[in-house]
Colleague: 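The following block contains the structure, expressed as structure tokens.
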Amino acid sequence: MAADRYQPREAEPRWQAAWAEKQIFETRNDDPRPKYYVLEMFPYPSGRIHMGHVRNYTMGDVVARYMRAKGYNVLHPMGWDAFGLPAENAAMQNRIQPRTWTYDNIAAMRAQLKTMGLSIDWSREFATCDLDYYWRQQKLFLDMLKAGLAYRKSSKVNWDPVDQTVLANEQVIDGRGWRSGAVVEQRELTQWFFRITAYSEELLAALDTLDRWPEKVRLMQRNWIGKSEGMRVRFAIADEPPGVDQAIEVFTTRPDTLFGASFLAISPDHPLAGGLAADNRGLADFIAECHRTGTSAEAIETAEKKGFDTGLRVVHPFRKDVALPVYVANFVLMEYGTGAIFGCPAHDQRDYEFARKYDLPIIPVVAPLDVFDKDEELVAWLEQFAAGNEAYVDDGRIINSEFLDGLTVAEAKEAVAQRLEAASLCGAPQGRRQVNYRLRDWGISRQRYWGCPIPVIHCPTHGVVPVPDRDLPVKLPDDVSFDRPGNPLDHHPTWKHVACPICGAASLRETDTMDTFVDSSWYFARFTAPDAATPTVKEVADRWLPVDQYIGGIEHAILHLLYSRFFARAMSVTGHLSVAEPFSGLFTQGMVVHETYRRADGSWASPAEVTIADDGGKRVATEKATGDPVEIGAIEKMSKSKRNTVDPTDIIDTYGADTARWFMLSDSPPERDVIWTEEGVAGAHRFVQRVWRMVADAAEMGLKLGRAGESLPNAFSPDAMALRKAAHRALAAVEDNIRALRFNVAVARIYELTNAIGAALALLDKQRNDGLDHSLGAALREALELLIEMMAPMMPHLAEECFAALGHKELVATRPWPQIERSLLVEDTITLPVQVNGKKRGELTIPAGASEADIQSAVLGLDTIRRALGGKAPRKVVVVPKRIVNVVL
RNA sequence: GCGGGCGUGGCGGAACUGGUAGACGCGCGGGAUUUAGGUUCCCGUGACGAAAGUCGUGGGGGUUCAAGUCCCUCCGCCCGCACCA
């Protein structure tokens with residue numbers, strides 16, 4: 001019964017055409033069934049898809065196909081994150097228009113993606129560089145401007161000297177541009193910002209509602225928002241006439257340690273520092289030196305805490321006789337709090353180091369709880385502390401602090417707050433409570449061509465004038481040149497010259513474009529009505545959103561996901577939708593990694609260039625072309641530089657999309673990295689062929705199996721019953737595991753069922769000449785059909801081919817998910833492991849309904865148990881129903 | 001430094017709220033089919049042991065009839081953030 005091999009190259013396009021022809025993945029907004037929105041992070045059109053895309057989109061497709069089979073109206077769209085610098089770089093290098101380059105890439109990648117057999121609604125496809133999309137984005141911007149969520153300010157920006165553009169804080173990594181890797185400079189520019197900080201608290205608090213997000217991502221966002229509760233405290237400058245300007249305001253989260261203060265420190269960028277430096281040469285030099293020190297991680301790590309005594313003195317708020325020196329210090333950031341701090345060396349490590357260096361007092365004001373009320377121990381602790389070289393930063397009770405003595409840290413914070421709020425300094429309260437966030441407003445201006453133009457006009461009379469809706473879109477010109485650095489829009493001879501919409505005077509267009517993170521902050525909403533003349537159709541967006549399952553890489557844990565959360569709120573305020581959170585379920589998948597291969601000369605060899613052989617249990621690599629030995633290196637993320645990439649198209653050409661999909665889902669848990677191996681792919685392909693062979697063999701035995709759609713007999717032989725149980729149990733397990741996105745376990749369950757079917761098939765084949773067990777034939781057909789249906793979300797083409805081979809006319813893709821026969825999940829007899837003193841000594845097979853007493857006596861009657869007991873009487877017998885029996889001596 | 005995650009055979013990994021550790025796959029060994037290789041099918045595969053059995057989830061300790069799972073402690077690896085007052 002030699003069956004032909006399954007030919008994916010022939011079968012896969014045929015089924016893809018069948019699905020396309022019936023338009024079964026095109027989703028209607030007016031479909032009354034419950035909705036389910038699955039989305040994978042859309043790709044940047046770099047030109048070729050990579051294995052990371054294959055993994056990402058396969059996972060999403062499994063969920064989409066499964067939920068469709070479960071009766072949901074599934075939205076599963078695809079688009080392109082198409083603006084951005086690489087298109088301009090290509091323009092400069094290859095003298096090709098960014099537009100042409102981008103759309104060519106999209107066409108190539110779309111064709112590649114389509115070979116994967118994804119159940120995507122391609123009718124909703126768009127690219128963010130489509131005029132139709134960025135036009136609506138300009139509308140969103142104008143609405144946000146009106147709502148006060150977009151504004152312009154002059155600010156110090158991160159300037160990337162290589163890409164010649166401004167970067168968001170989030171795009172600066174260790175002081176370098178996230179794309180170019182160039183050391184970032186600080187420049188003063190007028191920039192557009194989105195007021196994301198208006199939602200600091202909201203974005204933080206709502207993280208608690210995102211219970212289907214990875215804890216890790218929520219934590220990263222929490223840290224990024226960086227809430228801290230503290231106080232602003234004003235210190236009066238000594239020997240100056242009282243006046244509001246004669247105070248320095250600091251931010252602190254430890255007002256309880258105020259009596260331990262021994263100095264104030266202000267940032268080199270603090271206005272006061274600048275003022276003082278005007279007639280203090282030494283200070284001016286010090287500030288200049290601070291600016292020279294890098295902001296990279298190493299620089300900060302190794303930088304010494306340095307300060308410069310300004311000569312100013314301030315008055316301690318509670319001890320008018322104590323004057324504290326004011327330093328300019330290199331470790332105080334102007335961007336955080338007020339740009340000034342009070343130093344409490346005893347309870348802050350940085351302040352401690354600073355005090356040691358400049359010989360300032362170190363006054364302990366918090367004592368550990370366990371020594372606080374024991375005089376001798378407290379004295380000993382104080383001595384030990386004085387002899388040590390570390391600040392005490394843990395909890396405790398207050399000492400050396402007049403009215404605070406004996407209070408807990410929390411009580412002391414409250415007491416200080418009340419005093420300072422009541423106290424007055426120069427006509428204002430001396431202190432006030434303040435919640436501070438690390439989150440900054442989002443700078444979106446980019447001095448770049450290939451992005452969404454910011455739709456405003458600068459009029460000499462009226463200043464910034466929004467482009468009226470009737471004049472939208474502000475269209476990117478095609479005739480731009482890239483022969484000099486800087487922004488081509490700015491260089492364009494005519495584009496920026498326009499009349500003011502208010503007075504008609506000659507004015508200039510804004511030539512900055514938006515950060516591409518803006519484009520990806522609302523695309524999920526646009527998919528719900530991709531052809532609408534407005535950014536969204538509110539009722540439609542509200543019906544579809546939030547995205548039920550969003551899948552993508554962990555690298556977007558902060559930027560993209562936080563911006564999208566902000567946009568959902570901004571779009572609610574401006575009337576485009578009314579959901580707060582864009583993604584109710586988030587899954588972050590692991591990377592695809594591969595071995596690296598290095599030649600003797602140090603160059604990298606690609607997997608396609610080497611042959612792996614087994615040499616006495618050790619894997620060795622040789623170069624295909626020359627036979628030279630190649631060193632097998634570390635397993636790393638697939639990258640062009642290490643040349644350890646595998647092209648999805650090569651794999652699909654060789655093995656078919658189903659094999660690639662199946663391998664991506666097997667073995668590794670989806671949140672972890674998956675190691676791409678030739679052996680693994682071959683194994684996946686072996687399984688594809690095995691399933692096909694089984695189906696073909698079964699089809700050949702046609703008569704024994706009954707026909708497609710034929711109902712099952714009433715009675716089953718024990719063999720048939722066992723197979724039915726295995727099939728329905730597998731179905732239940734696969735369903736549970738797909739729901740939990742535990743695809744690797746679902747795959748294992750499918751393998752198990754396949755093994756069971758293989759055994760049953762062999763049994764039936766043996767009966768060829770003997771008496772036929774017709775009920776086994778029927779059970780086999782049922783099991784095979786269930787197998788096909790449960791693997792269909794993962795290997796959709798193979799499933800269709802198999803289903804057709806069994807005589808079905810219908811597509812698997814349009815069939816409802818099979819019903820589990822619950823009665824088959826219940827065992828009538830069960831096998832319990834039996835332990836003696838916690839070690840397994842035997843097994844007991846007994847009716848499921850047996851009483852505890854029956855089980856006990858049956859257990860004690862087992863030979864293996866009697867032998868293990870050696871004639872001794874058990875002390876007790878623990879019976880855990882349906883699980884285990886433990887006989888205790 | 002702060003925060004989080006992880007540690008199970010040769011490898012990737014299973015193991016529900018404590019209840020048969022190693023499902024499933026890869027690799028490896030043996031056998032059958034084949035002119036041969038490959039393919040395919042069958043059997044075996046945690047370690048030690050002839051066997052009975054003993055040991056075994058990073059190390060050590062604890063709770064429990066029972067621990068990969070809970071508690072304490074130590075070690076190692078990975079990731080994120082980081083002069084945030």
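Per chain, numbering begins at 1; letters A, B, ... match sequence-line order. Below, each value reflects all heavy atoms present in this structure, side chains not excepted, and no hydrogens, waters or symmetry copies. Note that the structure is a prediction, hence the values are computed from the model and not measured.
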Colleague: Which nucleotide, B/rC24, B/rC79, B/rG27, lies nearest any side-chain atom of A/Lys216?
Modeller: B/rC79
Colleague: Would you write the dot-bracket representation of RNA chain B, where each base gets (, ), [, ], | or . depending on whether it forms a Watson-Crick or G-U pair under 3.5 Å and with which partner?
Modeller: (((((((..(((......[....)))((((((.......))))))(((....)))..(((((..]....))))))))))))....
Colleague: Over all strands shown, is A/Leu333 touching base, sugar-phosphate only, or nothing at heavy-atom distances under 4.0 angstrom?
Modeller: base
Colleague: Answer with base, sugar-phosphate or nothing: what part of the nucleic acid does A/Asn886 contact at a heavy-atom distance below 4.0 Å?
Modeller: base
Colleague: Categorize A/Val332 for me: base, sugar-phosphate, or nothing, with a 4.0 angstrom heavy-atom threshold over every strand shown.
Modeller: base
Colleague: Mapping A/Arg672 and A/Leu219 onto RNA chain B by nearest heavy atom, which one lands closer to the 5' end?
Modeller: A/Leu219
Colleague: Is A/Phe251 touching bases, backbone alone, or none of the nucleic acid, heavy atoms closer than 4.0 Å?
Modeller: base
Colleague: Considering every strand and a 4.0 Å limit on heavy-atom distances, what is the contact class for A/Asn436: base, sugar-phosphate, or nothing?
Modeller: nothing
Colleague: Name the nucleic acid region contacted by A/Arg742, choosing base, sugar-phosphate or nothing; use a 4.0 angstrom heavy-atom cut-off, strictly under.
Modeller: sugar-phosphate
Colleague: Taking syn as within 90° of 0 and anti otherwise, name the glycosidic form of B/rG58.
Modeller: anti
Colleague: What integer number of Å spans the P atoms of B/rU39 and B/rG29?
Modeller: 13 Å
Colleague: Classify A/Ser668 by what it touches in the nucleic acid, base, sugar-phosphate, or nothing, heavy-atom distance under 4.0 Å.
Modeller: sugar-phosphate
Colleague: When you measure from every atom of RNA chain B, which of residues 830-844 of chain A have a heavy atom less than 4.0 Å away?
Modeller: A/Pro833, A/Gln835, A/Lys839, A/Lys840, A/Arg841, A/Glu843
Colleague: Please confirm whether A/Arg438 makes a cation-pi placement over A/Trp224, using NZ or CZ under 6.0 Å from the six-membered ring centre and within 45° of the ring normal.
Modeller: yes
Colleague: A/Arg875 near the nucleic acid: base, sugar-phosphate alone, or nothing, with a heavy-atom cut-off under 4.0 Å?
Modeller: nothing
